[in-house]
Number of protein chains: 2
Amino acid sequence: MNQGGHSRQSFGRKARTLLSLLSLMKMSSGSGEIVTSTGALAEILGVSQQTGSILLRELASAGLIMRRMSRRGERITLTPKAYDVVTQELAGIPLDSLSKASRTSPLKITGRAFTGKGEGAYYISQRAYSKQIEDKLGFAPYLGTLNLRVTKLDDINKLTLIYGTTPIVLKGFSTRERAFGDVQCYRVKVEGVSNAALVRSNRTAYDLTVVELISDKYLRKALSIKDGDGVSFSFPA
Amino acid sequence: MNQGGHSRQSFGRKARTLLSLLSLMKMSSGSGEIVTSTGALAEILGVSQQTGSILLRELASAGLIMRRMSRRGERITLTPKAYDVVTQELAGIPLDSLSKASRTSPLKITGRAFTGKGEGAYYISQRAYSKQIEDKLGFAPYLGTLNLRVTKLDDINKLTLIYGTTPIVLKGFSTRERAFGDVQCYRVKVEGVSNAALVRSNRTAYDLTVVELISDKYLRKALSIKDGDGVSFSFPA
DNA sequence: ATTACTAAGTGACGAGTAT
DNA sequence: TATACTCGTCACTTAGTAA
């Protein structure tokens, strides 16, 4: 029942649908599949869990997504129709003019600190990595990472902009125990600290909401950061 | 007052802003400037003139557009900030996957017939053009064009999709009086009539809301079209 | 003709809550 | 935990109209 008969708030409706789809597409990283919950999605979109629920229901009933619910969260699949809708809305937008549009101010991103499983520290502690960091980033890294969770959609958008730039790449290597893949680094400034970088490995790249930062300082101490604190960094550094 | 403090409907707000900007960008055809009125813009967006007015005021106060008002209509200029906003929202969207997303059904576009200034007929009457039409499109054109005005945003979006495909090009030429530029043709089916094409020249390309159709038949007569009638065509033909 | 104010109707949003 | 319902509140939209 998708005829032209505009009910009343069709513009706002369409706008919300488009922004929801764009967000889902970003989260899916091209795969067209997202595993999330109405609450998590809602937080990213900046709306309540209830509204997140309604948005997903609308998208589903419009045939734009498929939902597979399970006990803990659900699997959302974007349908071809969703891509059609976005394609139509974006058709005619000169994307070149977007990229040439001057990035005026640095990107500032805020996340909340949390304690990871120590895997980041394990990575950085590998000599082959830390040596490359000294060579390519110019500082000897503290042997640990500061983990941030980014939830605001605006910030996630900025992250994808950063990931779209050319990274400094730490080459992967193999020990007799296991293989370590390439790591992408982006120079950032963390609350005024310049010798810092955002690091992104295959291990974490799948989750757009998690950011790992390294620095020559023990950032938690230098900046007095506790779990749950808001931490901002800017790019370019 | 554009701080992070999400007031209440920031999601819907952002969504409307984004869709408005996208529409304006499409209308500007990359130049970043649009000459329109709140009423005309509103019709394209599918909202009332009042809402169109409010949208423009919001965009202006957010620093996303500049408005130069004059007696009849106004000149709108998109600011760099507008491109930044759109860039951010579109960052991370794999645009390639959009174009490869299967166009399933043909595009159907509806416009309202109107009487032009006869320039289209003047063009078609040029032997150099009509000869090429016979050769490349396979029919001898009726020496006139059917003009349609397209106002619905969805239809304009579809038009830009059509313009994104590879056209059949009628080569330009010069008479001793003046020069005629290249003309892009797209095969369409007009209300079931197959020998038809949408023609686009430098003369009309600036206005996305105007469509010129040619056919081997006198379409106004064959389909009993009067000014103001709704006429639909589909692509691919 | 245009833009935009006011008032009123309606839809969207979120807190509380059921499941 | 999760999703989604009810309902009160507020924002968006539009008709009428002023300028």
Side-chain angles (χ1 to χ4, degrees), chain A residues 1 4-21 23-24 27 34-62 64-77 151-153 209, chain B residues 1-2 5-21 23-24 27 34-62 64-77 114 149 151-153 209:
Chain A
M1 285 302 190
H6 287 210
S7 52
R8 184 137 193 280
Q9 293 216 38
S10 67
F11 176 74
R13 193 87 173 218
K14 175 189 292 189
R16 282 197 308 283
T17 300
L18 177 63
L19 187 51
S20 303
L21 285 180
S23 304
L24 288 173
M27 283 186 256
I34 311 101
V35 177
T36 183
S37 66
T38 58
L41 173 70
E43 188 177 8
I44 290 174
L45 296 183
V47 297
S48 68
Q49 174 270 324
Q50 292 86 337
T51 299
S53 173
I54 291 172
L55 287 174
L56 284 181
R57 291 168 78 71
E58 284 179 357
L59 292 177
S61 70
L64 297 168
I65 61 171
M66 298 282 295
R67 306 177 72 181
R68 300 283 174 76
M69 314 236 197
S70 69
R71 196 68 43 181
R72 61 176 87 215
E74 56 184 300
R75 179 181 300 270
I76 296 170
T77 310
T151 54
K152 278 177 53 187
L153 180 58
T209 66
Chain B
M1 287 298 198
N2 189 11
H6 287 210
S7 51
R8 183 134 192 280
Q9 294 216 38
S10 67
F11 176 73
R13 195 84 173 226
K14 174 190 292 187
R16 282 196 309 282
T17 300
L18 177 63
L19 187 51
S20 303
L21 285 180
S23 304
L24 287 172
M27 284 187 254
I34 311 101
V35 178
T36 182
S37 66
T38 58
L41 172 69
E43 188 177 7
I44 290 174
L45 296 182
V47 296
S48 68
Q49 172 269 324
Q50 291 86 340
T51 298
S53 173
I54 291 172
L55 289 174
L56 285 182
R57 291 167 78 72
E58 285 179 356
L59 293 176
S61 69
L64 298 168
I65 61 171
M66 298 282 295
R67 306 178 72 181
R68 300 282 174 76
M69 315 236 197
S70 68
R71 195 68 42 182
R72 64 176 84 215
E74 56 184 299
R75 179 182 301 270
I76 297 170
T77 309
F114 72 98
R149 188 171 294 281
T151 54
K152 276 178 51 188
L153 180 58
T209 66

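Since we're looking at a predicted model, the values are computed, not measured.
In this structure, A:F11 atom CZ and D:dT14 atom C1' are separated by 15 Å, rounded to whole Å. In this structure, B:R13 places its CZ atom 18 Å from C1' of C:dG14, rounding to the nearest Å. In this structure, the CG atom of A:L59 is 13 Å from the P atom of C:dA12, given to the nearest Å. Atom CZ of B:R57 is separated from atom P of C:dT6 by 11 Å (rounded to the nearest Å). One can place NZ of A:K14 at 15 Å from P of C:dA12, the figure rounded to the nearest angstrom. Protein atom CD of B:E74 is 11 Å distant from nucleotide atom C1' of C:dA4, rounded to whole Å. In this entry the distance linking CG of B:L55 with P of C:dT3 reads 13 Å, nearest Å. In this entry the distance linking CZ of A:R16 with P of D:dC12 reads 11 Å, nearest Å.
Side chains of A:L24 and A:L59 form a contact here, defined as non-hydrogen atoms less than 4.5 Å apart.
The A:Q9 side chain lies nearest to C:dA12 when the options are C:dA12, D:dA4, D:dA2. Of the candidate nucleotides C:dT3, C:dC5, D:dA2, C:dT3 has the atom nearest to the side chain of B:R67. Taking the side chain of A:V47 as heavy atoms from C-beta on, and the options C:dT3, C:dG14, D:dT3, the nearest nucleotide is C:dG14.
The two residues B:G46 and A:S10 have their closest heavy-atom pair at O-OG, 4.3 Å. Between A:A42 and A:S48, the closest heavy-atom pair is CB-O, 3.1 Å. When all heavy atoms of A:L45 and A:S23 are compared, the pair lying nearest together is CD2-OG, 3.4 Å. B:S53 and B:T38 get closest at one heavy-atom pair: CA-CG2, 3.8 Å.
Here the CZ-CG distance, from A:R16 to B:L18, works out to 13.5 Å after rounding to the nearest 0.5 Å. B:I34 contributes atom CD1, which lies 8.5 Å from atom CG of B:L41 (distance to the nearest 0.5 angstrom). Distance OG1/A:T51 to CG/A:L56: 11.0 Å, rounded to 0.5 Å.
Contact annotation: B:S48 side-chain N/O to D:dT13 OP1/OP2 distance is not under 4.0 Å. Contact check, B:S53 against C:dT3: no side-chain N or O comes under 4.0 Å of OP1 or OP2. Taking 4.0 angstrom as the limit, B:T51 places a side-chain polar atom (N or O) nearer than this to OP1 or OP2 of D:dT14.
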Protein and nucleotides 16-19 of chain D: nitrogen or oxygen contacts under 3.5 angstrom:
| residue | atom | partner | partner atom | Å |
| --- | --- | --- | --- | --- |
| D:dG16 | N7 | B:Q50 | NE2 | 3.4 |
| D:dG16 | O6 | B:Q50 | NE2 | 2.9 |

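When the C1' atoms of four end pairs are superposed on the next four at each end of the helix from C:dT2-D:dA19 to C:dT19-D:dA2, using five pairs per end, the two resulting axes differ in direction by 40°, to 10°.
Among the candidates A:I44, A:T36, A:T209, the single residue satisfying the side chain to side chain contact (heavy atoms under 4.5 Å, CB included) test with A:M27 is A:I44.
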